[in-house]
Amino acid sequence: MFTRPAAAIVPFCAFAFTAPAVFADGPFYGDPPDATHPWALHDMNRPQPPLVTPGSFSTTEQPGRPPSDAIILFDGTDATLGKWEADKNPPEPTRWIVKDGSLQCVPGSGYIRTKAEFGDCQLHVEWAAPLKVEGNSQGRGNSGIFLMGQTEVQVLDNYENPTYPDGTAGSVYGVNPPFANALRKPGEWQVYDIIFRRPICKDGKVLDGGRLTVMMNGVVVQEATPLEGGGGHKARTQDHAMPDKGPLKLQDHGNPVRYRNIWYRPLPARAIDGGDMGAMTPEAATAKKQAIARTIRGDADKLQGLAKLRRQMESLCYEPDTATLFRVEASLTAWLASVKQTPASGMEAKKGEIMQMREAVDYMTHFKFLPDSNPTKSEIDKIIDANGWKK
Ligand code: MG
C-alpha cells in the first residue's frame, strides 16, 4: 500500500495554513470572466476610468439647489434626522450625526435608510470624504448610495487611490465602472446627480432590468447603464424580480463620510409600468385614447360654431364614435352651405376659415377618421379653385 512520505505532507499543510489572504485588489477575488463579461468582477486588469477635472464651483451659487417639486431627504436643518432610521429591523433611530449642517457616518453604527420608499427617481446627493486621508483602495472614504436599498452607486475617495474600476466612485458597484474619474480632492464636496429606473417585474418575470445614469461633479459617468441584477460584492448578479420600491440607503463602510443636500424627484412611470412613457400595449393605449376623447368632447360641449366642430372632429382621432361622426358630418354640410351662400365680396374675409377647414378635413380623410365618401374636401377644393386661391 502506498504511504505518503511525511515530507510530502508537511509542505502541503504549511501552504494550507499560510496561504496569503485573497486581496480585493488582486486576482482570484470576484466572479471570474464569463461568456458575456470579459473581466472578472472587481478586476484590476480593467482600465482605470480616465481622469477628468470637474468644473469649479460657482463662488456665488451653491450647486444642486432643489427644484420646487423635490422631496427633501436632508438639507442640514433636521438635527433629529426624522426622515432617516438605522437600517435594522425592527427599525431604530440612526446613530449617524448631524454636524455643521452635514450628515456624517459614525463608523460601526451601520447603514441608514430613509423611512420613505420610492423607485424611479432623479436623485441629488452631495458627499465629502474625510479631509484626513487614511487607508487605501476600498478602505479610504468608502460609503455608498443604495437605490431601493439594493443597487450601490459607489461613494469612495479614489482620488489618487487606485482600486478595482467597478468599485470606484460613480461606479454601479460590481456592475460597471464610471466613464471617468471626476473626483475632487478629499474633504471637498462631490456632487452626484442620479437618474434611476428600477427593474420592472410582473408575475415574477423581469420585463425591464432597470438602468442608472450618474453625473459626477457635472460629468456623465454612467448613462442608462443596465443594472444586471443590481450588482454586488464578489458575486455577479443577474436580472431578478425586485419590489416596486424601497428605501434609499447610505452605507457605513467604516469611514466618516459626510453628506448634504439630498433630495429626489419621482419620475413619471414608463408605459410598461402603467405610465405614459413609451409605446403602450394596445389595450392600455385604447383606454388612454378613450379618456382623451372624453375630455375633448367635454370641451366641445362648451363651445359654439366652428370651434365646437373642430374639437368634435379632433375627438374622432382618438376614438370612433358614431354619434359624434353624425354631428360632425351634419355640421360640415351646414358650414359648406353657409360658405356657398356667402357673396363674392365676402369670400376674401372667409379665406382663412376655409383654408383652415380644408387642412382639418384633409387630415381627417387621409387618416380615415372621416370616410372617403365625405364630400367636404372636394367641395372646399372647388371653392378654393373658384376664388383662385393657392392650396
Ligand atoms: Mg461603498
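Numbering of ligands and ligand atoms starts at 1, following listing order. Values below: all heavy atoms of this structure, side chains included; hydrogens, waters and symmetry mates excluded. Residue numbers count from 1 along this sequence. On a predicted model such as this, the values are computed, not experimentally measured, just so you know.
Remark: at the Mg ion (ligand 1), atom OE1 from Q154 and atom OE2 from E152 enclose 80°, rounded to the nearest 10 degrees. The angle Q251:OE1 - the Mg ion (ligand 1) - S143:O amounts to 80°, with values rounded to 10 degrees.
Taking backbone and side-chain atoms together, Q138 has no N/O/S atom less than 2.8 Å away from the Mg ion (ligand 1). Coordination check, Y173 versus the Mg ion (ligand 1): failed, since every N/O/S atom of the residue sits at 2.8 Å or beyond.
Proximity of the aromatic rings of Y111 and F146 is defined here by a centroid distance below 6.0 angstrom, and this criterion is met.
Residues S102 and D100 have side chains that never bring a donor and an acceptor to within less than 3.5 angstrom of each other.
Taking CG from L227 and CD from Q238, the interatomic distance works out to 14.0 Å, rounded to the nearest 0.5 Å. Here CG of N387 is found 12.0 Å from NZ of K350. Values are rounded to the nearest 0.5 Å.
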